Amino acid sequence: MKFATWMSVLTAALALAGGALEAQAGYGGAASYNCCPPSCCAPLGDYCAAKACPTTCYRTITETVWDQQEYTVCKTVYDRICEQVPVTRTRNVYDTCYRDECYTVKKPCYQTCWREETYTVQKPCYQTCYRDVVCRVKKPCYQTHWREECYTVKKPCYRTCWREECYTVRKPCYQTCYREECVTTYKPTYETCYRDVCYTVCKPIHDHHWVEECCGEWKTVTECVPGPVIQKQICCDPTPIDCAAPQPGCAAPQQCCRTVCVQCPPTVIHKQIWCPRTVKRKVCTTRYEQEVKHCRVPYTVCRKIPCTTTRRVPYTTCSWTCETRTRRIPHTVCTMNCEQRVRRIPYTTCTWTEHCHTKRIPYTVCNMKTECRTRRIPYTTCTWTCETRTRRVPYTVCRQECYTDCKTVTRCVPRVVTCRMTRCVPRTVCRQVPVTCCPAPAPTCAAPPADHCAG
């Protein structure tokens, strides 16, 4: 707004300045004619003489030029943003429940019974009989005859004729020409170079040291193991101390038994015994040390040197030559010749002859015989039985349930955007304008002061 106000003020000032400049231009550069003394307005000479000899003069005028200038303006722009806002809502949820319900069902009970029924059946009895029939039959008798018939045949007669025909043949004429062509070829040049290559060699180093090793030998040892001690019963005669003399009425004395410990004979056992001993043994070990060596390895470098050669390349040009030739074309002419011919045409005549035939024709005689039969016919009896059953009856229960839903909310967010705009700036330009004027006559009055009339 401030810029627009300053622009309007600046435009009005420039317009007033332009009007003043135009006024000054109309007064010959002076502010007005009132500032000039009366002596300057006196006639200077003859008008006709002044009109006859015009001259061109230049006058400086000032113009206002508007230049475009870019400037930067900060502008507030509002962006529309959509956001998802959670909202708590309530909805009806229907649950299905079940209740037990008793009901009575009548259940049919079917039973199959049988009853006997007597019925009569007529059974056919078929008998074949014959009768004689006399019939007259007409038999055809065919006979072939011939008759002669004349007919005309047109027989074509073909004849080959020849006619001459001129045709033009274009004969190619080939000519081989040569043109020079520069060809660049590359000639390989091989050069042997050397480079230093390092490689590693493993050098074996042998070391000797003593190692203690446990060894031994097996020795056979004979050992005598005494036999086991067992108990043995021994029977002995009675002694006077043990048994008294038999008395009248007593039985004879018996033998006495006692237990004695007896040792069995010994057993000789041969067993192997390991006798260890330590022996020192010289062991040789080998280790490898890496050693870096250098050698010169040759390699070949190939360079291609361009060589320009000139060769003659053949090419063929073709020109056509017209030649007129004559050829004979055959054509066939057909003429029809009439010829009389005779042919035999067969035809058939038929005569009928009667014959009498006798034949036996069979026919069937049916007699019905009555027969009594018995059959069992089933029938069903139904009785009803009451039965109590239980069924689950569904019903619906409504309840309130809270759930979270998203709601779209639109809001405006301000942001500052830098814009480049263009404005017009005034600029003053001076330029020379040609003016036609007459040469001044001899002065008749004094010139006006310089401070009153400019230019």
Side-chain angles (χ1 to χ4, degrees), residues 1-85 179-182 184 306 308 408-455:
M1 295 297 293
K2 293 181 178 180
F3 176 75
T5 305
W6 282 106
M7 285 294 297
S8 59
V9 172
L10 184 59
T11 305
L14 290 175
L16 293 174
L21 291 174
E22 290 179 2
Q24 291 178 8
Y27 293 131
S32 62
Y33 292 126
N34 297 328
C35 62
C36 295
S39 59
C40 295
C41 297
L44 299 178
D46 190 2
Y47 174 75
C48 296
K51 187 177 180 181
C53 52
T55 57
T56 303
C57 301
Y58 290 91
R59 184 177 60 191
T60 301
I61 65 172
T62 303
E63 292 181 351
T64 301
V65 181
W66 295 87
D67 295 336
Q68 291 186 354
Q69 180 184 3
E70 292 186 355
Y71 64 100
T72 304
V73 178
C74 293
K75 183 179 180 182
T76 302
V77 180
Y78 292 91
D79 295 334
R80 188 179 296 274
I81 298 177
C82 296
E83 294 180 347
Q84 299 289 333
V85 179
R179 68 172 181 270
E180 291 187 354
E181 189 178 53
C182 293
T184 301
T308 304
T408 303
V409 178
T410 304
R411 63 187 183 89
C412 294
V413 178
R415 62 185 177 92
V416 179
V417 179
T418 303
C419 301
R420 298 184 64 86
M421 302 183 68
T422 305
R423 62 186 175 186
C424 294
V425 178
R427 180 169 56 90
T428 304
V429 178
C430 298
R431 63 186 180 91
Q432 299 288 331
V433 177
V435 178
T436 302
C437 60
C438 295
T444 56
C445 62
D451 54 354
H452 293 278
C453 295

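Just so we're clear, the structure is a prediction, and the values are computed from it rather than from any experiment.
Between Q69 and D67, the closest side-chain pair of non-hydrogen atoms is not below 4.5 Å. Within the 4.5 Å cutoff, no side-chain heavy atoms of V416 are placed close to those of K75.
In Q84, the CD atom is crowded: over 12 heavy atoms of neighbouring residues, nucleotides or ligands sit closer than 6.0 Å.
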Please determine whether side chain to side chain donor-acceptor pair (under 3.5 Å) holds for the pair E63 and T428, giving the CA-CA distance in whole Å, both sets of side-chain angles, and the decisive distance to 0.1 Å. CA-CA 6 Å; E63 292 181 351; T428 304; over 6 Å; no
Hey, mind stepping through R415 and T76 against side chain to side chain contact (heavy atoms under 4.5 Å, CB included) and telling me if it holds? CA-CA 6 Å; R415 62 185 177 92; T76 302; over 6 Å; no
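Side-chain atoms of T60 and Q432 form a donor-acceptor pair, as typed in the model, at a separation below 3.5 Å.
One finds the CZ atom of R179 at 6.0 Å from the CD atom of E181 (value rounded to the nearest 0.5 Å). To the nearest 0.5 angstrom, M421 atom CE is 7.5 Å from C419 atom SG.
With sequence neighbours excluded, the residues satisfying salt bridge (charged side-chain N to carboxylate O under 4.0 Å, His left out) with R411 are E83. Evaluation of the salt bridge (charged side-chain N to carboxylate O under 4.0 Å, His left out) rule for R80 yields no partner, not counting sequence neighbours.
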